[in-house]
Amino acid sequence: MAHSDEIRLRYVKKKLSSLVFAVPLFFATLTGCSMTDKNSDDIPFAGTSSSRDASQAMEKVSSGIYDLIGVKGKASSSRPFVAECSGKDAKKYFRIFHWWSFYPTSASDLGVAMERLKEELPKRGWKVVSYGPDTSRNKNTNLTADNDRKKVGVNIVQMSKNDPPKLSLHVVSGCYKVPDGQTVEQF
């Protein structure tokens with residue numbers, strides 16, 4: 001095996017092993033965490049909306065979270081996307097996901113940003129449902145919070161050992177239903 005193939009194989013294995021830790025967290029976020037009724041495993045109902053309007057609402061939620069970070073840096077330029085609501089008619093029901101990253105200007109500000117989010121989110125209607133190190137080799141700090149009023153959840157991972165260091169944010173909505181006569185627009 002050529003040296004470059006060995007390096008590529010090690011890189012792929014490293015990425016796959018990180019998925020082992022990320023997938024359970026991702027599925028916890030998919031279920032809506034504590035946004036759900038305590039006696040139900042259902043994803044909360046977020047209301048009636050078109051895919052475009054729900055996407056714009058999700059961008060506003062992400063923008064509000066960005067404003068709470070409070071340190072200089074830059075966000076990735078990702079856009080929200082439409083996904084199915086498990087167990088529901090895919091032509092009428094959908095969820096919005098917005099995955100983005102924040103890169104502080106100074107790596108030393110990463111912890112400051114995470115602490116600010118932990119303190120400021122509850123002041124803005126969010127309930128922090130979990131906070132602490134994950135089980136990965138890097139012991140990344142994870143924060144999961146729900147906003148029951150907006151029917152939105154967020155998982156934020158402080159990835160201090162990444163190059164460059166970053167906050168990885170996964171914002172997810174409850175289930176929306178399109179208005180009568182419309183179908184879900186995928187993007």
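Here the side chain of S76 pairs a donor or acceptor atom with the backbone of S101 at under 3.5 angstrom. Side-chain N or O atoms of H98 include one that pairs as donor or acceptor with a backbone N or O of S78 at under 3.5 Å.
No side-chain donor-acceptor contact under 3.5 Å links S136 and N138.
Checked for salt-bridge contact, E119 and K123 miss the test: no charged N lies under 4.0 Å from a carboxylate O.
With a 4.5 Å cut-off on side-chain heavy atoms, E185 and S50 do not count as touching. Counting heavy atoms from C-beta on, the side chains of V128 and T144 never come closer than 4.5 Å. A 4.5 Å side-chain heavy-atom check between D148 and K127 finds every atom pair outside the cut-off. By the 4.5 Å heavy-atom criterion applied to side chains, V71 and T105 are not counted as neighbours. In this structure, the side chains of Q158 and N140 stay at 4.5 Å or more apart for every pair of heavy atoms. Side-chain contact between V61 and N147: absent, with no pair of heavy atoms (C-beta onward) separated by less than 4.5 Å. Using a 4.5 Å cut-off on side-chain heavy atoms (C-beta onward), V184 and Y176 make no contact. Looking at L117 and V154, their side chains never come closer than 4.5 Å, going by heavy atoms from C-beta outward.
Ring-plane geometry between W99 and H170 is classed as tilted, the angle between the planes lying from 30 to 60 degrees on a 0 to 90 degree scale. Under the 30°/60° scheme for interplanar angles, the aromatic rings of Y66 and W100 are found to be tilted.
Here Y103 pairs with nothing under the ring pair (Phe, Tyr, Trp, His ring centres under 6.0 Å) rule; sequence neighbours left out. Residues forming a side chain to side chain donor-acceptor pair (under 3.5 Å) with E59 (at least two apart in sequence, or on another chain): R79.
By the neighbour-count criterion of 12 heavy atoms within 6.0 Å, atom CG of D180 is sparsely surrounded, having that number or fewer from other residues, nucleotides or ligands. For K91, the NZ atom counts as loosely surrounded, since its 6.0 Å shell holds 12 or fewer non-hydrogen atoms of other residues, nucleotides or ligands.
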